Amino acid sequence: MKTIRQTKCNFQIIKCSKLIIASLLIGFLSAFLAISLKRMTEYYENIFFHQANNNPIYYLVFPFVGLSVIYFLRLYLFKRKENKGIKEIFESTNSESKNLPLYKIPSHFINGLLTVIFGGSTGIEVSTVVASATIGSVCQQKENIFKKYKLEFISAGVAAGITALFCSPFAGILFATEVISKKVTKSFFLITIPAITLTTGLLFLLNEPPLFALKISNWHGYAIPYFLLLGVLSGIHSVYLTKCVLYFKKQFLKVKVQYTKIIISVIILSTALFIFPELYGDGYHAIKSIIFSSKENLLTLPFGITLLGILLLKPIVTSATLASGGDGGVFAPSLFMGAFLGLTLSILLNTFFDTNLIPLNFIIIGMAASLSASIHAPFTALFLVCGIINDYTLFFPMLAICLVSKYTAKMIYPFTVYSFNPSLQKL
């Protein structure tokens with residue numbers, strides 16, 4: 001009896017050791033992929049955007065080239081299958097037999113990069129999430145002992161990828177919990193925590209900087225009602241984004257010729273970029289611009305039209321990009337919309353009601369609120385935005401507003417881009 005007990009104990013130790021080693025490998029590969037994609041995208045996007053600013057004809061050429069190359073890669077290299085984003089992960093985790101194939105790693109990496117650097121109005125976050133999830137899925141298939149831990153291995157890859165992108169281990173594990181796993185078990189922590197820990201260590205060794213390194217000086221209690229208003233508006237505007245994406249995808253399904261989809265998308269995207277270059281790519285360059293000039297921004301008629309145009313057109317150009325075959329999701333668009341919505345609200349209130357609000361605070365809270373409403377994950381949004389600015393001064397008001405925006409969006413429309421199922425509800 002003692003020998004049997006000892007044998008079981010030894011087996012458990014060996015199994016746990018293998019799970020931890022596999023998790024560390026997933027963490028390393030996912031972090032390497034995410035950091036590489038982030039750096040490459042930032043480098044080439046800056047070059048291409050600078051060229052387009054100098055010669056606006058490229059606002060027409062770049063999206064056409066990017067979407068066309070993606071189409072031909074998909075046709076001749078990636079098994080003629082379109083990338084479905086995070087829904088691919090759900091299809092895999094909800095099926096015992098369906099796994100994420102290995103080619104999804106280069107497919108999402110390359111197509112995500114091409115989409116953004118050539119002006120597609122989305123981001124690399126979902127491309128990274130699916131590619132990282134595939135790393136976990138492929139690893140899970142290598143050992144019989146790993147077979148029953150598919151969800152945990154995929155979650156570990158996703159958590160490591162998000163951690164690497166946004167320099168926030170809390171955002172990584174919370175996104176894996178709130179969006180992917182939706183449950184927490186001992187095996188979830190055993191497999192996910194080592195991956196995140198290794199990723200965090202790599203970020204430290206590589207001295208990876210936050211996306212927007214800021215120092216928030218303070219916030220005032222009298223701003224709370226206006227923060228709440230921002231939360232409600234963010235919820236409403238995020239539903240607009242969700243409905244736009246779903247509507248465009250539905251309408252583009254009726255178009256049978258892929259090049260017709262690309263031409264329609266290029267016309268929409270290029271026209272918007274000619275008028276508002278801020279919509280180019282992931283939009284992080286535009287967010288940085290308004291962050292570091294927020295104190296100087298005054299409401300004039302041209303500036304007001306620009307802000308309104310950006311808020312109206314961003315969901316449309318994002319939807320056109322995704323519906324025509326571009327790779328990405330609503331992470332970066334949500335952060336972008338939230339930043340501009342927060343700036344717009346604060347400037348309007350300061351101009352017409354002399355509220356003396358701090359625009360920078362509204363930009364930051366707006367980013368978190370819009371992301372929370374778009375993906376129905378308030379805690380992910382909270383820690384993600386705190387991570388990308390490397391400051392937790394606004395933690396408590398941001399927490400409240402993320403909850404307000406999520407439940408506002410959920411009351412208006414219960415689905416996100418990731419959770420919508422056409423068989424359950426008609427648009």
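From a predicted model like this one, the values you see are computed outputs, not experimental measurements.
The closest donor-acceptor contact from the side chain of Thr93 to the backbone of Leu151 lies at 3.5 Å or more, if one exists at all. For the pair Ser405 (side chain) and Ala369 (backbone), a donor-acceptor distance under 3.5 Å is present. At distances below 3.5 Å, at least one donor-acceptor pair connects side-chain atoms of Ser238 with backbone N or O atoms of Ser370. Distance alone, capped at 3.5 Å, places no donor-acceptor pair between the Thr408 side chain and the Val232 backbone.
Atom OH of Tyr226 has 12 or fewer heavy atoms from other residues, nucleotides or ligands within 6.0 Å. More than 12 heavy atoms of other residues, nucleotides or ligands shown are found within 6.0 angstrom of CZ on Phe146.
Put simply, CG on Leu73 and CD1 on Ile110 are 6.5 Å apart, with the number rounded to the nearest 0.5 Å. Distance check, rounded to the nearest 0.5 Å: CG of Leu113 to CD of Glu45 gives 10.0 Å. To the nearest 0.5 angstrom, Phe175 atom CZ is 8.5 Å from Leu371 atom CG. To the nearest 0.5 Å, atoms CG (Leu307) and CD (Glu278) are separated by 9.0 Å. Rounding to the nearest 0.5 angstrom, the gap separating the CZ atom in Phe118 from the CZ atom in Phe49 is 15.5 Å. Expressed to the nearest 0.5 Å, how far NE2 of His376 lies from OG1 of Thr416 amounts to 6.0 Å.
Glu91 and Ser95 form no side-chain donor-acceptor contact under 3.5 Å, judged by distance and modelled atom types alone. No hydrogens or angles considered: nothing links the side chains of Lys182 and Thr177 as a donor-acceptor pair under 3.5 Å.
Below 30°, between 30° and 60°, or above 60°: for Phe153 and Tyr149 the angle between ring planes is between 30° and 60°, a tilted geometry. In this structure, Tyr71 and Tyr259 have perpendicular ring planes: the angle between them is above 60°, well past the 30° mark. By the 30° and 60° cut-offs, the orientation of the rings of Phe362 relative to Phe227 is tilted. By the 30° and 60° cut-offs, the orientation of the rings of Phe170 relative to Phe383 is tilted. In this pair, Tyr413 and Phe415 present their aromatic rings perpendicular. The plane angle is above 60°, beyond the 30 to 60° band. Ring geometry for Tyr240 versus His237: interplanar angle of 30 to 60°, hence tilted.
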**Request:** Any chance you could lay out the side chain to side chain contact (heavy atoms under 4.5 Å, CB included) test for Ser324 and Ile264, step after step, and finish with the verdict?
**Result:** CA-CA 8 Å; Ser324 61; Ile264 294 171; over 6 Å; no
**Audit row: Asn99, Lys150, side chain to side chain donor-acceptor pair (under 3.5 Å) steps and yes/no** = CA-CA 9 Å; Asn99 294 304; Lys150 178 195 281 190; 3.3 Å; yes
**Prompt:** Are Cys402 and Met398 close enough, and set up right, to give a side chain to side chain contact (heavy atoms under 4.5 Å, CB included), and what steps lead you there?
**Reply:** CA-CA 6 Å; Cys402 283; Met398 200 184 296; 4.3 Å; yes
**Request:** Give the C-alpha distance, both sets of side-chain angles, the deciding distance and a yes or no for side chain to side chain donor-acceptor pair (under 3.5 Å) between His50 and Asn54.
**Result:** CA-CA 6 Å; His50 179 72; Asn54 290 338; 3.1 Å; yes
**Evaluation steps, salt bridge (charged side-chain N to carboxylate O under 4.0 Å, His left out), between Glu208 and Lys38** = CA-CA 11 Å; Glu208 196 69 13; Lys38 179 170 67 171; 3.4 Å; yes
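A salt bridge links Lys288 with Glu42: at least one charged nitrogen is closer than 4.0 Å to a carboxylate oxygen.
Considering all non-hydrogen atoms of both residues, Lys261 and Ala323 come closest at CD-O, 4.3 Å.
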Between side-chain atoms of residues 197-206 and protein atoms elsewhere (two or more places apart, or another chain), which donor-acceptor pairs fall under 3.5 Å?
from, atom 1, to, atom 2, distance (Å)
Thr197, OG1, Ile193, O, 2.8
Thr199, OG1, Gly27, O, 3.3
Thr199, OG1, Ala195, O, 2.8
Thr200, OG1, Ile196, O, 2.8

Output a table of donor-acceptor pairs, distance under 3.5 Å, between side-chain atoms of residues 334-351 and any protein atom two or more places apart or on a different chain; print 'none' if there are none.
from, atom 1, to, atom 2, distance (Å)
Ser334, OG, Val330, O, 2.6
Ser334, OG, Ser374, OG, 2.8
Thr344, OG1, Phe340, O, 2.6
Ser346, OG, Gly342, O, 3.1
Ser346, OG, Leu343, O, 2.9
Asn350, OD1, Thr355, OG1, 2.8
Asn350, OD1, Asn356, N, 3.0
Asn350, OD1, Leu357, N, 2.6
Asn350, ND2, Ser346, O, 3.3
Asn350, ND2, Leu357, O, 3.1
Thr351, OG1, Ile347, O, 2.7

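Screening Ile70, Asp327, Thr41, Leu67 for a side-chain contact (heavy atoms from CB on, under 4.5 Å) involving Leu114 leaves a single residue, Ile70. For the side-chain contact (heavy atoms from CB on, under 4.5 Å) criterion with Leu279, the lone passing option out of Thr318, Thr321, Leu273, Ile316 is Leu273.
Considering only heavy atoms from C-beta on, Phe248 stays 4.5 Å or farther from Leu322 through its side chain.
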